Enquirer: 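Below you'll find the structure I mean.
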Amino acid sequence: MRSHIISRLKSIALWLTGMTAVVEFLVHGKKPKPGLTILCYHRTAEGIPVHTSYDSFNVSPRTFKKQMLALRSIRGVKVVSAKTVAGLLKDSTVSPENYVLITFDDGYQNVLDAAKVLHQENYSAVIFVVTDYIGKPVFDFNTYDVWCQGLPNSEPNWYKPLSLADCQELLRLGIEIQLHGHSHRPLGSLQDDDLKEEITNSKATIERLGAGDAIALAYPYGSSRAGHFNEHVEAYLKTKGIQFAVSTDAGTNPLRDLKNHAYRLLRIPIHEHDRGLLFQAKAAGYCGILPLVKAAAYRTGVWTRVPPRAPTVSEP
C-alpha cells in the first residue's frame with residue numbers, strides 16, 4: 001500500500017509539473033521553442049510492475065508509438081541524429097529551428113520495439129549503452145531490475161540488457177549506439193585511472209560493434225548538482241574525442257549556448273503519462289517548472305536515481 005501511494009504521488013507531481021509546460025506551449029501559440037530539445041527515455045516494456053517505491057522510467061510500446069505520432073504532428077520540429085548534433089556544435093551559423101534528439105539510456109532489450117517504431121517513422125535516435133552489460137542477464141546496479149528479475153511472474157523483457165545481436169539489429173534499423181560508461185559508475189566520483197578505464201573500455205566496445213566513432217556520452221545518473229560529473233570529467237571526455245555529453249538535468253538547450261555547454265547538455269524526461277498535448281509541449285521544448293523542481297529536490301536530497309532500498313517481492 002505504501003509503495004502504491006508513493007508511486008501515485010510521484011505520478012501526480014510529475015503530471016502537475018508537466019501542466020506548467022503545457023501552459024507555456026499554449027501561451028506561445030504551440031510554436032516549438034528554438035533550440036536543441038533532447039528527450040530522455042529508458043525502457044519501453046509492456047506490463048512492467050509500476051506500483052512500487054521505484055520509478056521504472058518506462059513508457060509502454062503503445063504509448064511510445066502514440067508519442068511518435070504526436071511528434072510528427074508538431075510543425076517546425078526537426079528530429080536529428082547524434083552526428084547532426086555534433087555538426088551543430090561546430091556550426092556558428094545554425095538556423096534558429098527546433099531540433100529534437102531522441103535518446104534512451106542504459107540499453108534495455110525492450111528498446112528494440114521502440115526502434116522498429118522509429119524506423120517506420122523514419123526517425124533517428126541514439127541509445128546510450130552500458131557496455132559491460134551487453135549480453136548479461138540483468139543490470140545489477142539497478143535494484144529495481146534485480147527486484148523485477150526476482151518476481152515469480154517476471155518477464156526478461158522488463159529488465160534484460162541488449163545482446164550483441166540486438167545491437168546489430170538496432171544499427172540495421174538506423175539507431176545510433178553511444179556511450180553510457182562501461183559499468184554505470186558516476187564519473188564525477190572516480191579517480192583518474194578508473195575514469196580512464198570507464199571511457200576507454202566503453203569507447204572500444206562501441207567501436208567494435210561497428211557503430212562508428214564514439215562521439216557522445218550520457219553521464220551515468222547524470223546530475224551535475226549531485227556530482228555525477230564535473231569540469232575535470234568534461235575536459236577528459238574532450239581529449240578522448242567525445243564531442244558532446246548529456247545530463248539528466250532538465251531543460252532545453254539554446255542554440256547560442258550550444259558550443260559552450262556541449263558537455264552538459266540538458267534533457268527532458270519522458271514518462272508514460274506524457275500523452276497528447278503534454279507530450280507535444282515537451283517535444284516542442286517546453287518543460288515548465290521542472291528544472292526548478294529538480295534543482296530543489298537535489299539540494300534537499302529528495303531526488304535520487306538510486307533508491308535507498310529494494311521493495312519486497314510481496315509488493316504488488
Side-chain angles (χ1 to χ4, degrees), residues 38-46 48 57-62 64-65 67-68 71 79-87 100-142 145 148-149 154-184 197-220 237 240-246 270:
I38 307 178
L39 305 181
C40 179
Y41 290 89
H42 282 75
R43 66 182 111 207
T44 54
E46 189 68 60
I48 195 168
F57 295 98
N58 182 63
V59 173
S60 68
R62 181 180 299 180
F64 181 77
K65 187 169 185 176
Q67 289 174 344
M68 293 304 99
L71 180 58
V79 178
V80 297
S81 65
K83 290 181 181 178
T84 300
V85 171
V100 172
L101 178 66
I102 301 169
T103 70
F104 297 81
D105 283 6
D106 298 332
Y108 289 96
Q109 190 177 66
N110 52 57
V111 300
L112 281 165
D113 291 330
K116 293 170 184 175
V117 173
L118 290 163
H119 184 69
Q120 291 170 357
E121 293 295 324
N122 198 29
Y123 283 158
S124 58
V126 56
I127 296 181
F128 294 107
V129 175
V130 187
T131 49
D132 193 38
Y133 284 85
I134 295 175
K136 290 188 175 180
V138 66
F139 291 110
D140 57 18
F141 60 82
N142 189 324
D145 290 347
C148 275
Q149 186 186 38
S154 68
E155 297 285 344
N157 191 51
W158 293 347
Y159 53 79
K160 192 174 181 180
L162 293 162
S163 67
L164 286 172
D166 295 330
C167 291
Q168 294 301 319
E169 177 65 8
L170 288 169
L171 293 173
R172 188 190 70 79
L173 291 169
I175 305 300
E176 296 170 298
I177 298 177
Q178 291 293 328
L179 314 182
H180 196 34
H182 194 57
S183 63
H184 206 269
E197 181 182 14
E198 278 291 310
I199 302 305
T200 301
N201 290 342
S202 182
K203 192 171 185 288
T205 302
I206 293 296
E207 292 173 352
R208 280 200 303 269
L209 288 172
D213 294 335
I215 60 170
L217 175 139
Y219 295 110
L237 294 178
K240 300 301 290 184
I242 307 302
Q243 297 181 42
F244 70 91
V246 300
I270 303 298

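Just the heavy atoms: all of them, side chains too, but no hydrogens, waters or symmetry mates, feed the values below. These figures come from a predicted structure and were not determined experimentally.
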Enquirer: Does Phe104 reach the side chain of Val59, with side-chain heavy atoms less than 4.5 Å apart?
Expert: no
Enquirer: Donor-acceptor pair, distance only, cut-off 3.5 Å: does the side chain of Gln109 make one with the backbone of Ser163?
Expert: no
Enquirer: Distance from His119 atom NE2 to Arg172 atom CZ, nearest 0.5 Å?
Expert: 6.0 Å
Enquirer: Can you check whether Leu209's main-chain N or O pairs, donor with acceptor, with Gln168's side chain at less than 3.5 Å?
Expert: yes
Enquirer: Once you round to the nearest 0.5 Å, how far does CG of Asn142 lie from NE2 of His184?
Expert: 8.0 Å
Enquirer: To the nearest 0.5 Å, tell me how far His182 NE2 sits from Ile206 CD1.
Expert: 10.5 Å
Enquirer: Side-chain contact, heavy-atom cut-off 4.5 Å: Ile102 with Leu71?
Expert: yes
Enquirer: Above 12 or not: heavy atoms from other molecules or residues under 6.0 Å from NZ of Lys65?
Expert: no
Enquirer: A side-chain contact here means heavy atoms from C-beta on lying under 4.5 Å apart; do His180 and Val130 qualify?
Expert: yes
Enquirer: Find out whether Asp106 and Phe57 are in side-chain contact, i.e. whether some heavy atom of one side chain is under 4.5 Å from a heavy atom of the other.
Expert: no
Enquirer: Would you give the length of the straight line joining atom CD1 of Ile175 to atom CD1 of Ile127, rounded to the nearest 0.5 angstrom?
Expert: 6.0 Å
Enquirer: Parallel, tilted or perpendicular: which fits the ring planes of Phe139 and Tyr133, with parallel below 30° and perpendicular above 60°?
Expert: tilted
Enquirer: Check for a donor-acceptor pair, side chain of Thr103 on one end and backbone N or O of Val126 on the other, with a separation under 3.5 Å.
Expert: no
Enquirer: Is the side chain of Asp132 donor-acceptor paired with the backbone N or O of Ser183 at a distance under 3.5 Å, no angle test?
Expert: no
Enquirer: Which class fits the ring pair Tyr41 and Phe64: parallel under 30°, tilted 30 to 60°, perpendicular over 60°?
Expert: perpendicular
Enquirer: With distance as the sole test, does Glu207 use its side chain to make a donor-acceptor pair with the main-chain N or O of Asp213 at under 3.5 Å?
Expert: no
Enquirer: Tell me yes or no: between the side chains of Ser81 and Thr84, is some donor less than 3.5 Å from an acceptor?
Expert: yes
Enquirer: For the side chain of Gln149 and the backbone of Ser154, is there at least one donor-acceptor N/O pair under 3.5 Å apart?
Expert: no
Enquirer: Picking from Asp166, Asp145, Thr44, what satisfies side-chain hydrogen bond (donor to acceptor under 3.5 Å, both in side chains) with Tyr108?
Expert: Asp145
Enquirer: Counting C-beta onward and ignoring hydrogens, is there a side-chain heavy-atom pair between Cys40 and Asp105 closer than 4.5 Å?
Expert: yes
Enquirer: Between Asp113 and Pro61, what is the shortest heavy-atom contact and its length?
Expert: OD2-CG, 4.3 Å
Enquirer: Could you tell me if the side chain of Asn201 sits less than 4.5 Å from the side chain of Thr131, heavy atoms only?
Expert: no
